[in-house]
K.L.:
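Starting off with a structure, shown below.
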Protein chains: 2
Amino acid sequence: MTTKTKTKTQAPAAKAAGDHLRLDNQLCFALYAASGLVTRAYRPLLEPLGLTYPQYLVMLALWEQAPRTVKALGQALELDSGTLTPLLKRLEAAGFVTRTRDAEDERRVQIALTQAGEALREKAGVVPTALACQLQLPLDEIVELRTTLQDLARKMKAAS
Amino acid sequence: MTTKTKTKTQAPAAKAAGDHLRLDNQLCFALYAASGLVTRAYRPLLEPLGLTYPQYLVMLALWEQAPRTVKALGQALELDSGTLTPLLKRLEAAGFVTRTRDAEDERRVQIALTQAGEALREKAGVVPTALACQLQLPLDEIVELRTTLQDLARKMKAAS
DNA sequence: TCCAATTCAATTGTGTACAATCTAAATACG
DNA sequence: CGTATTTAGATTGTACACAATTGAATTGGA
């Protein structure tokens with residue numbers, strides 16, 4: 001219906017401002033909501049591992065390459081030290097990583113995996129598969145969506 | 001240390017575990033990183049309005065329809081009262097919304113826009129356009145990505 | 001050489017996010 | 001009626017997330 005009449009209607013709702021401020025037309029909100037929903041879907045899968053979702057991402061980064069500095073982790077995950085420092089301390093307290101000052105350059109802190117941290121990789125192996133089932137998306141669509149998002153991320157980083 | 005195999009090539013990186021735990025192969029991480037980058041891109045645009053990014057989303061929802069209950073806002077934005085209550089108190093303190101107990105049902109709190117809150121919509125009008133430029137994506141790709149994400153969100157809500 | 005600029009991580013302060021719990025209000029139901 | 005259940009928000013506790021600042025370590029010049 002879209003009462004596009006030039007009525008000076010004030011109270012009811014958005015109208016004159018057009019659709020471009022509608023929540024459902026915002027890519028940003030679709031991204032925000034989807035990201036939140038996916039994070040929530042991971043929670044029950046990660047709880048048995050003793051990890052939160054951001055902690056899981058940090059562990060993924062470390063399983064791929066360790067030891068790494070806080071800085072390198074931040075670049076890989078797009079996070080800064082204000083976020084990572086307390087998170088890594090919690091992972092250290094949980095026994096999954098160690099934090100050591102680099103002897104070469106005392107400003108750096110190297111994050112390494114403990115035995116328990118390494119061992120956790122086996123248990124985490126089932127997580128992506130379990131989640132992929134919940135997504136209810138065919139594999140080729142998952143790949144395409146992921147590629148599009150990585151593309152977007154790359155462009156935004158370049159433009160910043 | 002890595003006594004498990006006699007191959008001396010243990011240290012470098014993930015390998016046997018396969019690619020399915022690689023960060024770059026995770027849709028969840030692509031979503032997480034893209035969402036964070038977009039949020040960050042909004043920040044400088046929203047700062048002159050006196051809004052954070054989640055506050056902006058709440059205002060979008062209210063510009064579309066107000067007054068609304070906290071519950072209704074939570075459903076629209078996929079957020080719960082533990083997040084919304086303090087956020088709405090800050091918006092109230094900023095003078096953009098009012099919070100009123102519903103006389104019909106005293107459990108409900110109605111969130112309405114103030115004059116300042118209504119007026120902010122005009123200033124916010126430029127935000128989506130300004131951001132669309134930064135995205136460096138053609139409009140049809142934006143629409144397609146948005147549709148895919150909304151699809152994903154719908155499926156995940158249905159499966160939960 | 002010496003010191004200014006840079007770099008790295010930690011800290012501080014503000015603002016989300018959510019689970020679990022709590023309270024009051026409304027509804028169901030016997 | 002009167003109580004059990006459900007519902008709406010608020011509160012509490014834990015965990016991100018980032019801007020701004022700090023402080024120590026390194027680097028780059030003049």
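Here is how names work: the chains are called A, B, and so on, in the same order as the sequence lines, proteins then strands, and each is numbered from 1.
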K.L.:
Rounded to whole angstroms, how far apart are CG on B/L57 and P on C/dA17?
P.N.:
8 Å
K.L.:
Parallel, tilted or perpendicular: which one describes the rings of B/Y42 and B/Y56, with boundaries at 30° and 60°?
P.N.:
tilted
K.L.:
Assign each of A/D80 and B/K71 to its nearest nucleotide of DNA chain D by heavy atoms, then name whichever residue's nucleotide is nearer the 5' end.
P.N.:
B/K71
K.L.:
D/dT27 phosphate, OP1 or OP2: any side-chain N/O from A/R107 under 4.0 angstrom?
P.N.:
no
K.L.:
Counting just side-chain N and O atoms, does A/R40 come under 4.0 Å of either OP1 or OP2 of C/dC18?
P.N.:
yes
K.L.:
Whether A/R99 contacts C/dA10 is assessed here as follows: a side-chain N or O lying under 4.0 Å from the phosphate OP1 or OP2. Is that the case?
P.N.:
yes
K.L.:
Can you tell me if the side-chain N/O atoms of A/Y56 get under 4.0 Å from OP1 or OP2 in D/dC16?
P.N.:
no
K.L.:
Would you mind telling me which residue lines up with the more 5' stretch of DNA chain C, A/Q110 or B/E78, judged by nearest nucleotide?
P.N.:
A/Q110
K.L.:
Closer than 4.0 Å, any side-chain N/O of A/R101 to the OP1 or OP2 of C/dC8?
P.N.:
no
K.L.:
Judged by atom type as modelled, is there a donor-acceptor pair below 3.5 Å linking the side chain of B/W63 to the main-chain atoms of B/L120?
P.N.:
no
K.L.:
When you measure from the side-chain N and O atoms of B/Q55 to the phosphate of C/dT16, is any distance below 4.0 Å, counting only OP1 and OP2?
P.N.:
yes
K.L.:
Under 4.0 angstrom, heavy atoms only, what part of the nucleic acid is B/L79 near: base, sugar-phosphate, or nothing?
P.N.:
sugar-phosphate
K.L.:
D/dT11, OP1 or OP2 - any side-chain N/O from B/K89 closer than 4.0 Å?
P.N.:
yes
K.L.:
What is the nucleic acid contact for B/R90, judged by heavy atoms within less than 4.0 Å: base, sugar-phosphate only, or nothing?
P.N.:
base
K.L.:
Check this for me, if you would: do A/R99 and A/E92 make a salt bridge, where the nitrogen-to-carboxylate-oxygen distance has to be below 4.0 angstrom?
P.N.:
yes
K.L.:
Does B/R101 reach the side chain of B/Q110, with side-chain heavy atoms less than 4.5 Å apart?
P.N.:
no
K.L.:
Report yes if at least one side-chain N or O of B/T69 is closer than 4.0 Å to OP1 or OP2 of D/dA8; otherwise report no.
P.N.:
no
K.L.:
Mark yes or no for a side-chain to base donor-acceptor pair under 3.5 Å between A/S81 and C/dA10, with no hydrogen or angle criteria applied.
P.N.:
yes
K.L.:
For DNA chain D, whose closest nucleotide is more 5', that of A/T83 or that of A/E104?
P.N.:
A/T83
